[in-house]
Structure formats: C-alpha cells, structure tokens
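Report on the following structure.
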Amino acid sequence: MPTDQTDLFLTLTAEHVLSSVEAGGFSCKPVCFPLNSFENRVYLMELEDDTRIVSKFYRPGRWTSAQILEEHQFLIDLAAREVPVCPTLPFPDGDTLKEVDGIRYCLFESRGGRAPEELTDEHAERLGMLVARMHNVGADREAEHRVHITPDNYIWDNLQWLEEHDTLPEALAKRYLDAAEYIAGVAEDYLEGVETHRIHGDFHLGNLLLRDGVFNVLDFDDMVVGPAVQDMWLALPGRDAWGRRQRECFMEGYERFRAFDRLTLRLIEPLRGMRMVHYATWLARRWHDPIFPRTWPHFGTEKYWQEETEALEEMVGII
C-alpha cells in the first residue's frame, strides 16, 4: 500500500471528506460526524437540501474497484427487490464509486434506528425471513471478484501470515496452529458440495438497525460468497438451549421464502473457528492504524493468545 495513501487515509480530516464529496457533485453543509467503523472511515453528512447521507472512504489496498462495485451491485439488486438495506447513492454522473488521492469513496442513504441488543423469538423468525429474501437475491447473480469463505482464505493464508510475522507467542504457537489446522480440515470436508452464493458475510446484530419494528441491514463491506448458515450463526451465535431455540425460529422464518439445508448446521463451529483466526490476523495486520491499539489494548498479550488458543481447542472438542 503506498505510504502517501495510507497516511492520508489514517489522518482524513472533515475538510478533506467534505471537499471530496463536493468534488463528486454534491453540495454539503459543514456537517461531518465520524461513525463507528474500524476498517474504513465512515461519516454522517448533511447536504444543502437537508438530506442526511453517509460517506464511506475505503481503506487503500484492501479491495479492488471491481470488488467494491460488486458490493454496490448487491445493494442495488437488494433495493430493487425491496429488501431493506441502505443502498448506495449514485453521483450525478451515475457512478457509485469515486476516487480522490488514491482513496476510493462512495455515498449511502442514511437510515435511522438502533442495533438490537438481543432478539425475541419473533424477531429471530422475522430475521430469518429477511435473510432468506436477501439470499434469494444473492443467488441470482455471480460475484466473480469477491472473496469466498474457504479454509484457504480464512485459515491457511492467515496462519502463514502469523508465522511469517512471528505474531504467536512461542509457548502457544504449536497449540494454536494445531487447533486451527484441524478446524480447517473439518471445514474443508463439511463445505464440500454445499451451495454458496452472495451473502452478507458479517451479519451480526451490530450491522442491523431496528426502528418501528422494521429491520434495516447495514455494512456489506465484508460481502462474500459463502453458505447461507454464515448469515445465521453470526446473528445468533449462542451455543446454549436459548441459542438453539432462536436458530430454530430463524430457520422457520427462513424456510417461508427459501429452503435451508439443515445439514449445514454442522458448519457453525468450523465457521466460528475460521472467523476467529481471520479476526485475530486482521487485528495484527491493522496494528499500524492508531485506532486499533486504542480499541484493543489487550491484543497481542500472552493472555490474549492463551484465550484464543483455548477457544479454538474447545471448538476442536465440539466438532
């Protein structure tokens, strides 16, 4: 990643954000509030006509333009089928993606609401219906440039990076690697023959807005090609009886609009392990960004890796 682009991205100012959006063809009021985002830089803005919008500046070097445009296309497809998402806003020339000083950016509609802290059974069922509708759209078009959920992408590549950068404590490295490699092998077996298509990929409750009983889905930045069950277990990650009950409610709702392969429930723990390895490596890769050490001060400590290792070993025992 070129240093000048990296430095500019890490130090984006409100003035630069406003001037970039205006250069794209929109007249803005001097309103620019940063929103919660670690991978990218996201801002709530206000146009001269009092319309509120959200601008998103993509971290340089992460996605290609083709990959970003596939994210936008998924949102366009979903909005056309009246799936409640926050769609991209086209610039006056019709494009949805612009670039300034090597940093790509786009605009989204702004929607109100709060992330639900927990779901009732009714909410879980309705969420299943929403995800099924989203997956019906996802299966209608290929995404040839997006990442696929595979052990290669989520475990093997990350383990190689961790080893090359001496990230793991020597006392825990073998245990961590052994557990992660076992999970990768199981995931590879379980994923064989499973239907995959465009999915959200990061469908936890923090990426939902609930207002007046209506869900809106946010942040398709991690959109991937993967199995449907990925968008269920992240929203309902619990392993206890309550978690299993809510998953059943989710599947009942889902199956009103789309068939759900219940054999893929065995993928939940391998997918959980894949996400853990991917997430830990993501933190390590982003440690140069000042927001990461401030937000995760415990990352990289012996205690952190001990807990991660034990969690992976627990999954090995479950699967």
Side-chain angles (χ1 to χ4, degrees), residues 38-39 131 146-165 167-196 199-207 221-244 246-247 250-251 260-286 296 298-319:
F38 298 107
E39 183 62 20
V131 172
R146 294 302 291 199
V147 170
H148 289 236
I149 293 185
T150 66
D152 281 343
N153 291 329
Y154 278 73
I155 290 188
W156 294 115
D157 290 350
N158 287 318
L159 293 184
Q160 181 179 345
W161 191 94
L162 292 174
E163 289 190 275
E164 288 175 351
H165 292 80
T167 309
L168 299 168
E170 185 176 352
L172 294 167
K174 186 178 186 307
R175 287 173 56 192
Y176 184 94
L177 293 171
D178 285 349
E181 290 171 4
Y182 181 86
I183 291 168
V186 174
E188 187 171 343
D189 288 342
Y190 287 1
L191 281 166
E192 187 173 356
V194 171
E195 179 188 8
T196 61
I199 61 174
H200 186 282
D202 194 30
F203 198 72
H204 55 77
L205 298 188
N207 280 333
D221 191 67
D222 284 306
M223 167 201 156
V224 291
V225 176
V229 69
Q230 171 74 4
D231 281 346
M232 179 182 76
W233 82 263
L234 269 173
L236 303 167
R239 290 175 170 141
D240 58 9
W242 177 254
R244 292 192 297 273
Q246 289 217 311
R247 285 180 196 157
F250 178 102
M251 287 185 289
F260 188 92
D261 181 359
R262 293 183 178 234
L263 181 61
T264 63
L265 293 175
R266 65 180 183 169
L267 272 166
I268 290 175
E269 293 305 320
L271 288 170
R272 194 194 305 269
M274 289 166 64
R275 183 176 174 86
M276 281 187 62
V277 173
H278 188 70
Y279 186 80
T281 312
W282 172 68
L283 291 176
R285 289 174 184 266
R286 297 292 183 256
W296 291 276
H298 63 296
F299 175 76
T301 63
E302 189 89 11
K303 182 179 179 182
Y304 173 87
W305 288 113
Q306 178 75 32
E307 291 172 348
E308 291 291 294
T309 300
E310 290 174 353
L312 289 178
E313 291 174 336
E314 181 183 6
M315 289 175 203
V316 168
I318 293 172
I319 61 179

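Positions are given from 1, in the same order as the sequence printed here. All heavy atoms count here, side chains included; hydrogens, waters and symmetry mates do not.
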Full working for side chain to side chain contact (heavy atoms under 4.5 Å, CB included) between L283 and Y279: CA-CA 6 Å; L283 291 176; Y279 186 80; 3.8 Å; yes
Pairing residues for E163 by the side-chain hydrogen bond (donor to acceptor under 3.5 Å, both in side chains) criterion, not counting sequence neighbours: none
Over 12 non-hydrogen atoms of neighbours within 6.0 angstrom of CD in E164: yes
Minimum heavy-atom distance R285-D157, with the two atoms named: NH2-O, 4.4 Å
Residue pair I183, M315: steps toward the side chain to side chain contact (heavy atoms under 4.5 Å, CB included) verdict: CA-CA 8 Å; I183 291 168; M315 289 175 203; 4.1 Å; yes
M232 backbone acceptor or donor facing R247 side chain under 3.5 Å: no
Spacing of L159 atom CG and I155 atom CD1 [to the nearest 0.5 Å]: 6.5 Å
Distance-minimising heavy-atom pair for Q230 and G201: NE2-O, 3.3 Å
Heavy-atom closest contact (T196 atom, P227 atom, distance): CG2-N, 3.9 Å
Under 3.5 Å side-chain donor-acceptor pair for W305 and E302: no
Separation between CG of L172 and CG of L177, rounded to the nearest 0.5 Å: 10.5 Å
Ring centers of W282, F38 separated by less than 6.0 Å: no
Euclidean distance, Y176 OH relative to T309 OG1, rounded to 0.5 Å: 7.0 Å
Expected output: side-chain D231 to main-chain H200 donor-acceptor under 3.5 Å: yes
Check: R175 side chain, E310 main-chain N or O, donor-acceptor pair, under 3.5 Å: no
Under 3.5 Å: donor-acceptor pair, side chain of H165, backbone of T167: no
From I199 atom CD1 to I149 atom CD1, the distance as rounded to the nearest 0.5 Å: 4.0 Å
Side chain to side chain contact (heavy atoms under 4.5 Å, CB included) evaluation trace for F260 with V229: CA-CA 8 Å; F260 188 92; V229 69; 4.1 Å; yes
Distance-only check: which donor-acceptor pairs under 3.5 Å involve side-chain atoms of residues 266-277, not counting sequence neighbours?
residue	atom	partner	partner atom	Å
E269	OE1	R239	NE	3.4
E269	OE1	R239	NH2	2.8
E269	OE1	R272	NE	3.2
E269	OE2	R239	NE	3.1
E269	OE2	R272	NE	3.4
E269	OE2	R272	NH2	3.1
R272	NH1	P237	O	3.0
R272	NH2	P237	O	3.0
R275	NH1	D202	OD1	3.2
R275	NH2	D202	OD1	2.7

Pair R146-M223, side chain to side chain contact (heavy atoms under 4.5 Å, CB included): steps then yes or no: CA-CA 7 Å; R146 294 302 291 199; M223 167 201 156; 3.7 Å; yes
Point-to-point distance, once rounded to the nearest 0.5 Å, from CG of D152 to CD of Q160: 10.5 Å
From CZ (F299) to CZ (R286), nearest 0.5 Å: 12.0 Å
Heavy-atom closest pair, residues V224 and Y154: CG1-OH, 3.5 Å
